[in-house]
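Report on the following structure.
Naming convention: chains lettered A, B, ... in sequence-line order (proteins, then strands); numbering from 1 in each chain.
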Amino acid sequence: MRPILVTSALPYANGSIHLGHLVEYVQTDIWVRFHKIRGRDCLYFCADDTHGTPIMIRARNEGITPETLVKRIHAEHVADFRDFLIGFDHYHSTNSEENRILSEEIYVTNRNAGHIHTEAVMQAYCVKDGIFLPDRFIRGNCPACGALDQYGDACESCSATYSPLDLKEAHCALCGTSPEQRESEHFFFKLGDFEPFLREWTRSGALQVQMANKLSEWFDAGLKAWDISRDGPYFGFEIPDAPGKFFYVWLDAPVGYMAASLSYFRQHGMDFDRYWRDPDQTEIYHFIGKDILYFHTLFWPAMLKGAGFRTPTGVFAHGFLTVNGQKMSKSRGTFITARDYLEQLDPEYLRYYYATKLAKGVDDIDMNLDDFVLRVNSDLVGKVVNLASRTAGFVHKHFQGRLSGDYPEDQGLFQLFLTEARSIAQHYHEREFSRAMRAIMALADKANRFVEEKAPWALAKENRMEELQDTCTVALNLFRLLMVQLHPVLPAMAEKTRVFLNLQDMNWSTTLLPIFGTAIQPFSPLMQRVDVKKVQAMVSASREMDSVPAVTSSAVVPEEKDIGITMETFMEVDLRVAKITHAETVEGADKLLRLVLDVGPLGVRSVLAGIRAFYTPESLLGRLVVLVANLQPRKMKFGVSEGMVLAAGDGSGKLFLIVPDSGAEPGMRVK
RNA sequence: GGCGGGGUAGCUCAGUUGGUUAGAGCAACGGAUUCAUAAUCCGUGUGCCGGGGGUUCAAGUCCCCCCCUCGCUACCA
């Protein structure tokens, strides 16, 4: 069996790891651990993706250097991964000497082979900030529909696409000044040179069929040269023989896989070329999100090919995570960071839950929080742990913690578990984790049925000691097999099991023979049930974190996403035109007026508004106002307020109601 | 608007190349049991398989149209 090298996509050093990222790291980690406990030579590498404009800007905003920012985030990421039991052999950084050397080598070799050309490009430049502005860093009004404050490349209102040059009243998203156009020489990687090679490689079995299909679309559209340079100042590596020009972050990001391994190989006196030059000696697998397929299945293999390196054996894409059936959302409290989770819950709950959902396809997976609690408690605590919990007591009470001297008659269960282990292993290998979990739980059911049938509690009463000990010995053996099979998913619990049963290890092969005649440790709970309250606490903690800067929404998306709220976020506020049908002062409240509003199809609302000082009830009757219709009802001293009426004010206390133009009807949506 | 994925029991999902009365886990309900972290065991499902057409001896499974939903995307990686 050839050694294998495995990677997960590099998280961008611009934000925290969240539950969406973890789908990938958990998936990869399970796969890696599976190979390791089967005795396969397997290494797992990853790194922080550290370069690019967003990092540079964020560091500038925080008044620190990009290096300092990147270092801080690195420490945070490493801690998150460690606590989620992600077992990297090495976690590196793209802002490293190894990465610079390799990036340069890949570039220079490709350049010398004629795969790089230059071309003048017109680009927006902000004089005040002193940088060229990526499209997403330019805001202005849509040239097509006039919508205000749109990005430089497309209008989120009317869907028009355009060049930032066409944007009206274009201004820098950072400082607000209007950018000027400057011409600049850019470097391009001639992807088209590699078309024959890529067409073949993508059909070589390295990709899932869905992904290969997607690629054929891109081939049909034609492969265009890739702009790989950015003008300084830019946080990244300067391009050799091109002062002031830097590698675009996506050029050196995947090289981070190599850099991480190089750093590790140097520390361990291992041969880099054996892995990265010779496809006959080793295998290389990349786990990625489906959003970054383009980089990993076109640019990356082409760059490697052009530089004389081997190409990956396989690229495995997974889908996105939804929570409660919807995209993660800060306002719903479902944008949950790794740390928010860890502060309340055990990482192995999540690892197991993801395992029950993961398969080899690219489908999105849903984390339904109610389902999460029920599933983990029922499967892990109720079925698996319970097996040990319900039998270990007898072993200690009656047999000084010793198992039977010989392995007893067990109705063929041990053998059955071993047979099943073969197909479970196959599922793991094929990344069909959900099938593996189902198969394991089916075995756990069988083991519990066995205990039920033998009724050890009855045997104890009837003083049938030998049968009692035998029953427990069988149950604990079966428990051991289950825990070995779950080891890739639940490494911490597997380790606790190893200690509990006094075993040497929890590897796959050592389970071929049953244990007997040995002593076990007293049973202590191997896992606590998921507490619903903790889940709720996690959700509300996440909701409170509204003000934190947005981070990228999937494994690696390192471009320009960090500015402003999205249209979707805005649309979550349901603003409606409402007609005041009744207004009155509130007894005992000197600032409030009670308004009764007609909101058309939404019915009638009673709202308490703090505008008594500026409006008399009589003056409001029949007027139109704007209501926040989906605000949670607020219980106040003077009654419940079912929404909020919008008013303008400068903070000094004076308020002016926002009034819809004539013609608007109650119930109309404001947008 | 484009592309892609979904729409199967209350929930999460399986359903191979179309072929016996459509399945699993969880939940629910009834019963048993009490060793166990109220765990376990037995039993219980008349589900317009999103809708409408069509192909076929036979369709959840193939073809066409439509609806809903999710994600991505917005001549760009």
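In this structure, of rA77(B), rU37(B), rC26(B), it is rA77(B) that holds the atom nearest to the side chain of Y294(A). For K357(A), counting side-chain heavy atoms from C-beta on, the closest listed nucleotide (rC41(B), rA14(B), rC13(B)) is rC13(B). Picking from rU34(B), rC11(B), rU37(B) the nucleotide with the shortest atom distance to the side chain of V385(A) gives rU37(B). Of the candidate nucleotides rC41(B), rA24(B), rC35(B), rC35(B) has the atom lying nearest to any side-chain atom of R390(A). Nearest to the side-chain atoms of F523(A) among the listed nucleotides rU37(B), rA27(B), rU33(B) stands rU37(B). Looking at the side chain of D364(A), the nearest of the listed nucleotides rC70(B), rC26(B), rA77(B) is rC70(B). Side chain of L374(A), nearest nucleotide from rA14(B), rC35(B), rC26(B): rC26(B). In this structure, the nucleotide among rA14(B), rC35(B), rG71(B) sitting nearest to the side chain of K461(A) is rC35(B). In the set rA36(B), rU37(B), rC42(B), rC42(B) carries the atom at the smallest distance from any side-chain atom of R449(A). For N368(A), taking side-chain heavy atoms from C-beta onward, the closest of the listed nucleotides rU40(B), rU12(B), rG5(B) is rU12(B).
In this structure, R199(A) pairs ionically with E195(A), as a charged nitrogen and a carboxylate oxygen lie closer than 4.0 Å. The pair D364(A)-K290(A) meets the salt-bridge criterion, with a side-chain N (NZ, NE, NH1 or NH2) lying under 4.0 Å from an Asp/Glu carboxylate O. Under 4.0 Å is where a charged nitrogen must lie from a carboxylate oxygen, and between D371(A) and R375(A) no such pair does.
The C1' atoms of rC3(B) and rU8(B) are separated by 26 Å, rounded to the nearest whole Å. Spacing of P atoms, rG43(B) relative to rG25(B), comes out at 11 Å, to the nearest Å.
Note: CG (D371(A)) to P (rC13(B)) measures 8 Å, nearest angstrom. Separating the CG atom of L380(A) from the C1' atom of rA36(B) is a distance of 16 Å, rounded to the nearest angstrom. In this structure, F372(A) places its CZ atom 16 Å from C1' of rC11(B), rounding to the nearest Å. To the nearest angstrom, P of rU8(B) lies 14 Å from CG of D363(A). Atom pair I365(A):CD1 and rC11(B):C1' shows a separation of 16 Å (rounding to whole Å applied). In this entry the distance linking CG of L468(A) with C1' of rA36(B) reads 14 Å, nearest Å. Regarding M367(A), its CE atom lies at a distance of 16 Å from the C1' atom of rC13(B), rounded to whole Å. Distance, E430(A) CD to rU16(B) P: 16 Å, rounded to whole Å.
For the pair Y353(A) and M527(A), nearest-nucleotide mapping onto RNA chain B gives the more 5' position to Y353(A). Nearest-nucleotide positions on RNA chain B place D366(A) closer to the 5' end than the other of V381(A) and D366(A).
Under the 3.5 Å distance criterion, the side-chain polar atoms of Y428(A) are matched with a main-chain donor or acceptor of Q485(A). Formation of a donor-acceptor pair under 3.5 Å by the E348(A) side chain with backbone atoms of A492(A) is found in this model.
When all heavy atoms of N110(A) and G306(A) are compared, the closest pair comes out as OD1-CA, 3.1 Å.
Contact between the side-chain N/O atoms of K383(A) and the OP1/OP2 oxygens of rC26(B) is found at a separation under 4.0 Å. At least one side-chain nitrogen or oxygen of R529(A) sits closer than 4.0 Å to the OP1 or OP2 atom of rA39(B).
Residue-level contact check: N324(A) touches neither bases nor backbone, having no heavy atom under 4.0 Å from any strand. V362(A) comes within 4.0 angstrom of nothing in the nucleic acid, heavy atoms only. Among the protein residues, G382(A) comes within range of the sugar-phosphate backbone only, with heavy atoms under 4.0 Å from sugar or phosphate atoms but none that close to a base.
One cannot find a donor-acceptor pair under 3.5 Å joining the base of rA39(B) and the side-chain atoms of N386(A).
By the 30° and 60° cut-offs, the orientation of the rings of Y353(A) relative to F372(A) is perpendicular.
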